[in-house]
*Asks:* 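Please see the structure below; I have some questions.
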Number of protein chains: 2
Amino acid sequence: MFSFVEENYLKAIYHLSDHGRKSVSTNSLAEEMQTTAASVSDMVAKLSKKKAVDYQKYKGVNVSGKGKEVALRVIRKHRLWEVFLVDKLKFHWDEVHEIAEQLEHIKSPLLISRLDEFLDFPKHDPHGDPIPDENGIFSTVKKVALTELELNTPAQVVAVNDSSSAFLKYLDKVGVSIGTKLKVEDTNEFDGSLDIIINQQKALTISQTAAQNILVANI
Amino acid sequence: MFSFVEENYLKAIYHLSDHGRKSVSTNSLAEEMQTTAASVSDMVAKLSKKKAVDYQKYKGVNVSGKGKEVALRVIRKHRLWEVFLVDKLKFHWDEVHEIAEQLEHIKSPLLISRLDEFLDFPKHDPHGDPIPDENGIFSTVKKVALTELELNTPAQVVAVNDSSSAFLKYLDKVGVSIGTKLKVEDTNEFDGSLDIIINQQKALTISQTAAQNILVANI
DNA sequence: TGTAGTGTTTAGATTCGTCTAAAAAAAATA
DNA sequence: TATTTTTTTTAGACGAATCTAAACACTACA
Ligand SMILES: [Mn+2]
Ligand SMILES: [Mn+2]
Ligand SMILES: [Mn+2]
Ligand SMILES: [Mn+2]
């Protein structure tokens, strides 16, 4: 039905549109897909003819109902495979994305439901991102960037906004991972950095940039 | 280096050439690949230019050293994934081939070595076919078709020649699987059928066709 | 040994996804 | 509002893999 390449476009449109909430420009999609605006124009017209996106020339593009379904199915597979790689094959959380980019395109609904079961129906991937169920529904937990957390309120790390290897390695070094309990002790006005306490013991200061990429939930 | 399609051609040539022992005709390769002789001619010329096959016009084709390496790597991945599907995801041995056809093309040497370890370094896939190691070496066990087994000699089923769903379902029905111990009690001259005893108890008669597709080794 | 038949290769076209260059539309700015 | 700049689309081409039709090479055998 949809090719490897079409699936990747739909996933990118879904992400850039903030889960289908706003329309996506040709240039931003070209940057995301590491290709040219001309190629994007072509592909978007093609996806529009297949009713996978809503598109008007010069007005941007967004996923249609059908396109959203496809995107969510790919995202579900991507995240389940990442859980498999980390939980079962002992990969590190900064090594799994590229392999999951390939595995997400394997076509077999039965394979995915068996994998889901084998992994014990995980609700989140190794980076804390939610895994949609077979109907595309996310289990929603209210999460907030660490920069928004109120002072001295205990919270738990539930996800990261930046899954780059560099950032994940930094988090490892300072001892932050999914599930880590922490609170913010103080904010430093002059550069936006935060003084935090990890697991009721380790104190450290992290930059505003780092804090914006750490998502937490109240406990 | 090699595309999805090129990998499939190399695998097919390797199989049709009986592990590189004899050269493969354009037509037989076209049939195996479900395509036309013209397409095969094109692809074989391309693989020849890439030094993955030895090829002279009108004289047939065979894998080169490099092509054999590629084919064996794909075969290794195919069979390891089949073991994963059966042992870990509880698939039935007649359901795994199509999915493994997709998974065999995932590119990540580390993934395969981790998978191998996770599966406890299996030497055979669910159909009894040997899994080459990372250097392309098969662990060789002398196996023989059940039709060649001497009378009243105890043996063990180690592989099947026919992995079709129909044949595997038949084997399930009569209670034969990889590892089953059996011996041949008698041969019926008029139609080549065999009277066999399974696990020292169950007696049954199987056709010559079935027996030719069951491979056994002495115990 | 000439010829019919089979097997194989070449020629030319098609689809998919991509590219560069140029044209057109929209947005920004003067 | 008129002009410049940016964004987007169109035009035309290309490589990969495929196809059909036609030409060519090898084989069999009369
Ligand atoms: Mn990922
Ligand atoms: Mn992808
Ligand atoms: Mn198989
Ligand atoms: Mn394949």
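Bear in mind the structure is a predicted one, so any value in this text is a computation, not a measurement. Just so it is clear: chains get the letters A, B, ... in the order the sequence lines come, proteins before strands, and each one is counted from 1.
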*Asks:* So which of residues 11-32 of chain B are in contact with DNA chain C, with a heavy-atom cut-off of under 4.0 Å?
*Replies:* B/S25, B/T26, B/N27
*Asks:* Looking at A/K22, is its backbone amide N or carbonyl O close enough to the side chain of A/N62 to form a donor-acceptor pair, meaning the two atoms are under 3.5 Å apart?
*Replies:* yes
*Asks:* Verify, without hydrogens or angle tests, whether B/E7 (side chain) and B/F4 (backbone) share a donor-acceptor contact under 3.5 angstrom.
*Replies:* no
*Asks:* Pull out every protein N or O sitting under 3.5 Å from an N or O of nucleotides 10-16 of chain D, one pair per line with the distance.
*Replies:*
unit_1: D/dT10; atom_1: OP1; unit_2: A/K57; atom_2: NZ; d: 2.5

*Asks:* Mind calculating the distance between NZ (B/K59) and P (C/dT8) to the nearest angstrom?
*Replies:* 12 Å
*Asks:* How is B/Y9 classified with respect to the nucleic acid when contacts are heavy atoms under 4.0 Å: base, sugar-phosphate, or nothing?
*Replies:* sugar-phosphate
*Asks:* What is the distance from CD of A/E6 to P of C/dT15, rounded to the nearest Å?
*Replies:* 15 Å
*Asks:* Any carboxylate oxygen within less than 4.0 angstrom of a Lys/Arg side-chain nitrogen, looking at A/K77 and A/E82?
*Replies:* no
*Asks:* I need the CD-C1' distance between A/Q56 and D/dT8, as an integer number of Å.
*Replies:* 14 Å
*Asks:* If you measure only the distance, is there a donor-acceptor pair under 3.5 Å linking the side chains of B/S25 and B/N27?
*Replies:* no
*Asks:* Which ring pair (Phe, Tyr, Trp, His ring centres under 6.0 Å) pairs, counting each pair once, include a residue from residues 70-89 of chain A, with sequence neighbours left out?
*Replies:* A/H78-A/H97, A/W81-A/F84, A/F84-B/F84
*Asks:* With a 4.0 Å limit, can you tell me whether A/T36 has a side-chain N or O closer than that to the phosphate oxygens OP1/OP2 of C/dC19?
*Replies:* yes
*Asks:* Expressed as a whole number of angstroms, how long is the span from B/Y58:OH to C/dT8:P?
*Replies:* 10 Å
*Asks:* State whether A/K11 and A/E104 are salt-bridged, where the test is any N-O pair (Lys NZ or Arg NE/NH1/NH2 against Asp/Glu carboxylate O) under 4.0 Å.
*Replies:* yes
*Asks:* Should the pair B/K50 and B/F2 be classed as cation-pi, given the thresholds of under 6.0 Å to the six-membered ring centre and 45° from the axis?
*Replies:* yes
*Asks:* State whether B/F118 and B/K88 meet the cation-pi test: NZ (Lys) or CZ (Arg) under 6.0 Å from the six-membered ring centroid, and within 45° of the perpendicular axis.
*Replies:* yes
